[in-house]
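For this chain, numbers begin at 1 and follow the sequence in order. First listed ligand is number 1; within each ligand, the first listed atom is number 1.
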Amino acid sequence: MLEIADNGRTWLLSGPASSYAVHLTEDDELLHLHWGPRIALADAEALAVRPLPDYRPFESPLDGREEYPVEGGPRFARPALSVRTGERRGTEWRFETYEADDDHLRLAFRDGGLAITLHYRMRHDVVERWVTLDNEGSALELLRADSATWTLPEREEWRLSQLHGRWAAESRLTASQLTYGEKIIGSRRGHTGHQHLPWVALDTDATEERGEVYGCALGWSGSWRIAVAQLPDARVQITGGAGYDDSGLLRLESGESYTTPVFAGLWSDGGFGGASRAWHAYQRAYVIPDAEQDRPVLFNSWEATEFDISEEQQGTLARRAAAIGVELFVVDDGWFGKRTSDRAGLGDWTVNRDRFPNGLKPLADYVHALGMQFGIWVEPEMVNPDSELYRAHPDWVQFQPGRKRTEFRNQLVLNLAREDVQEYLWEQLHALLSSAPIDYVKWDFNRCFTDAGWPGEPYPQRLWVDHVRALYALLDRLRAAHPNVAFESCSGGGGRIDLGIMSRTDQVWTSDNTDPLDRLAIQHGFSQVHPARVMAAWVTDSPNTQLNGRVSSLRFRFVSSMAGVLGVGGDLTRWTEEELAEAGQWVALYKEIRPLVQHGDLYRLRPPRGGLSAVQYVRGDEAVVLAWLQAQSHGEPVPALRLRGLDPTASYECPETGEIHSGAVLLHHGLRTGLRGDLDAAVFRLRRI
Ligand code: GLA
């Protein structure tokens, strides 16, 4: 809901539980008024007439109060917008007009030929903010154009939570006290990166289920930066957008425009759990395509076969996968070009005829006949120097003239900003998806940008932004042409997870780390912002072949993966009949609880910190608890799990305990899990009776 004051200078957006208000002064300064619990328009108007402190000349009354601080004038805080023309730098805007419909507010400003429009849209309790810049004057350079600056109220002792990591150890949650100055996270790698998810949360004293939490998440899959500043007067501002540095994002010629990615913000007073549930509901309703549809149980061949694949061997795996209840069979790397190792073939998106003599169609048909969907792996933005594509077009990669072309995993990054590269990829992928009944594409991205040059282009920096735009456009075009194909975003595991890619893909590969215990921590962090509906998790072999050699039971591996979109990624040809039979039972159980996991509300009952951890999903009259015991220490009884989100006056039937439990008892005293020893796990279904 959007309300506007009579003077047309105070705007109030409200969701079910929160409000956001801004005010334009007589001098056209756009000030932040409120972000928090729901307030009335009269409250916002009262806040608008509170006088600003006057502490010139050493402090600016605008710092920490502006919605979108531009560079220049009486400001010392980090600018969200930094513009350079031939003559000058900075921005001095005048307000032009506003436009409003239902939940979308546009505030239009102008500085000479540059039109600057700030967009606000309330969706549930998430405020989406972005900016459009239209250059109607002569050419100018956008040194920096952030999506938004968020202003938090004055509080003592803010705490910053973030998700940090690295390859195979993504989305680790950590919290620290915010101190004066700035904390900066981001990526200068050309993709979202494993090192930080583009999300921050700020609180003072929230717990999992209580207290105020502010969160911000950016929808951009290239380099990015979020700066969290604790200002001298106890205010906090969070500024974020595309690009890491301030040294040049884009050059806007006369007539050109730039639209920033969306930076979404959420206020919740339901603690970290409440904030997560609000983020999940928002993404399921507004971001993830077809989120109301269940994601199928998939099998992926990567850990089983790596590059050594053949049609016959994939067929054998497919038969075994179908027998345990898998619904989607995905052939990973190695089916195309000369791709018999990671040294060759990327770029040549035609079937390797030594391995698939009649193309992919016979295998796809076979998989379909087994009752499963068929998927394949691609990595379109890359090329191996040992490929037909690179031999034909060595200038299609990012490179600097006369400099080394840095190879990671023996591959180079294609310059997707080039139209010929865009067209090549469209033709190849469109032909591929038309060549066989393919239902699913795992889209990978396995190295960072290093030599991001574009010889001959007068403003080579723009390839950073244009690469992401081209990727988005290609995905959009493929989705439109092949509406029944689902896409997975992968980047060496979780290197490209953000609201931007999630609006064009159906699920994400959470991490290359498939160790079921390590995964609990990764999933705990991931769930802070993103829902289980997109969080792919495979059951692989024990001992874990890819990483740490950990031995774990099939039970522990399944229950760990069942907290997300279940997949199987082990070598099924080496699983015993008993293991396959047990796997079949777990897959069947997953299909039963899937609506709760993929579409329900998540309650994190206990974080994975060594002993007992658990999550609970609730949907309507049903709930399911997934519990894991890492290690039991002698003399330390395993605690009961106090459940959440149940009706205290109702009774719940649990097939696993064979008991009828009262809601009040489950909420107050908890559920006894019976878990013991090391790496134990269990699932408990609860149905209201
Ligand atoms: C990346 C992915 C893996 C697998 C390999 C294939 O590492 O994250 O899941 O697809 O590439 O080369």
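Polar contact check, Asp333 against ligand 1: a nitrogen or oxygen pair lies under 3.5 Å apart. For a threshold of 3.5 Å applied to N or O pairs, the pair formed by Trp377 and ligand 1 contains at least one separation below that value. In terms of polar-atom proximity, Cys490 is not counted as a contact of ligand 1, lacking any N or O under 3.5 Å from an N or O of the ligand.
Given atom 4 (C) of ligand 1, the protein heavy atom at minimum distance is Asp332 OD1, 3.4 Å. Counting protein heavy atoms only, atom 7 (O) of ligand 1 is closest to Asp512 OD2, 3.1 Å.
Ion pairing of Glu327 with Arg594 is present here, as a side-chain N (NZ or NE/NH1/NH2) and a carboxylate O approach within less than 4.0 Å. Contact check on Lys338 versus Asp354 returns no salt bridge, with no Lys/Arg side-chain nitrogen under 4.0 Å from an Asp/Glu carboxylate oxygen.
Below 30°, between 30° and 60°, or above 60°: for Trp377 and Trp349 the angle between ring planes is between 30° and 60°, a tilted geometry. In this pair, Phe445 and Phe449 present their aromatic rings tilted. The plane angle is within the 30 to 60° band.
Although no hydrogens or angles enter the test, the distance criterion places no donor-acceptor pair under 3.5 Å between the side chain of Gln314 and the main chain of Ser301.
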Quiz prompt | Criterion salt bridge (charged side-chain N to carboxylate O under 4.0 Å, His left out) on Lys442 and Asp332, from CA distance to verdict | solution = CA-CA 8 Å; Lys442 174 177 172 185; Asp332 207 275; 2.8 Å; yes
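In Glu379, neither the side chain nor the backbone holds a heavy atom less than 4.0 Å from any atom of ligand 1.
Rounded to the nearest 0.5 angstrom, Ile184 CD1 and His196 NE2 are separated by 10.5 Å.
In summary, the atoms of ligand 1 found under 4.0 Å from a heavy atom of Lys442, numbered by their order in the structure, are 3 (C), 4 (C), 9 (O), 10 (O). Per-residue contacts place Asn446 under 4.0 angstrom from the following atoms of ligand 1 (heavy atoms of the residue considered): 1 (C), 7 (O), 11 (O).
Close to ligand 1: Arg409, with a non-hydrogen atom less than 4.0 angstrom away.
Closest heavy-atom approach to atom 1 (C) of ligand 1 within the set Asn300, Val378, Asp444: this belongs to Asp444.
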